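Here is the structure we will look at, set down as structure tokens.
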Amino acid sequence: GAEFYRSEGGTHERPRIGHFPADELLAGQRVLVVDEVWETGETMAEGPQAWDLLFDAAGTETLGLEFDPSHLYWQGIDHVAALRKYKDRVYHVHAKDTEIFHEKRNHIGIYGTEGWWTYRIPGLGEIDWRAFINELHTMEYRGGVCIEHEDDRFAAWKPDKNPAAFERGLRIGLATL
């Protein structure tokens, strides 16, 4: 896996894969390395500030984003503005929605452990998919858009147990997009 190093004084070493610098390893290759935008600390870059640090440290265009607006939405980050700013680094898109339980969040705060948000099928949460897809067209994105099915109301985690419900969720997402 890649590791991100931060040195004193704000300078950053390059992410490394094994013991090779990523840009040297990937130089001349037709391979793109994509970091999923995910905020659990298990990835190198959960939002725009971290992306800037990562891209600066990597020093290569082969490193880009798997852009999932749901991960930014619940953090309160404008996902359409981020998509616009990083359009040249978006190599793949996940379509997954987010529902925020505002009353619960207002009671427990953003660091509460009782689940004040959840993922939904596109169209069943709060993301403005029309604006998001419009921005993809504006930036002339030509990559894939994958519905990432994590809505437990449609057998997201056990599609083999209820394939009809799983498919119904995917069809709702497809109709939205």
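The chain is numbered in sequence order, starting from 1. No experiment lies behind these values; they were computed from the predicted model shown.
Atom-to-atom distance recorded for Lys87:NZ and Leu65:CG is 14.5 Å, nearest 0.5 angstrom. Within the model, atoms CZ of Arg142 and CG of Leu136 stand 10.5 Å from one another, a figure rounded to the nearest 0.5 Å.
Without hydrogens or angle criteria, Trp74 side chain to Ile100 main chain gives no donor-acceptor distance under 3.5 Å. Without hydrogens or angle criteria, Ser70 side chain to Thr98 main chain gives no donor-acceptor distance under 3.5 Å. The backbone N or O of Glu114 sits less than 3.5 Å from a side-chain atom of Lys104, completing a donor-acceptor pair. Under the 3.5 Å distance criterion, the side-chain polar atoms of Asn106 are matched with a main-chain donor or acceptor of His102.
Phe132 and His79 have tilted rings, their planes meeting at an angle from 30° to 60° on a 0 to 90° scale.
Residues that satisfy the side chain to side chain contact (heavy atoms under 4.5 Å, CB included) test with Leu124, not counting sequence neighbours, are Arg120, Ile121, Asp151, Arg153, Phe154, Ile172.
Contact detail for His149 and Gly169: the closest heavy-atom pair is NE2-CA, 4.1 Å. Looking at every heavy atom in both residues, Ala82 comes nearest to Leu72 through CB-CD1, 4.0 Å. Taking each heavy atom of Pro122 and Ile147 in turn, the nearest pair found is CD-CG2, 4.1 Å. Nearest approach of Pro69 to Lys96, heavy atoms of both residues: CG-O, 4.5 Å.
A donor atom on one side chain and an acceptor atom on the other are found under 3.5 Å apart for His71 and Tyr119. Residues Tyr86 and Asp52 bring a donor and an acceptor atom of their side chains to less than 3.5 Å of each other.
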His107/Glu103 under side-chain contact (heavy atoms from CB on, under 4.5 Å): CA gap, chis, key distance, verdict: CA-CA 6 Å; His107 179 70; Glu103 189 172 310; over 6 Å; no

Derivation and outcome, side-chain contact (heavy atoms from CB on, under 4.5 Å), residues Trp51 and Arg89: CA-CA 10 Å; Trp51 303 342; Arg89 294 293 193 137; over 6 Å; no

Residue pair Glu66, His94: steps toward the side-chain contact (heavy atoms from CB on, under 4.5 Å) verdict: CA-CA 7 Å; Glu66 180 279 296; His94 276 181; 2.9 Å; yes

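Hydrophobic clustering (ILVMFWY, side-chain heavy atoms < 4.5 Å, transitive): Phe101 and Ile108 are in distinct clusters.
Checking each of Asp97, Thr176, Asn134 against Trp129 for a side-chain hydrogen bond (donor to acceptor under 3.5 Å, both in side chains) leaves exactly one that passes, namely Asp97.
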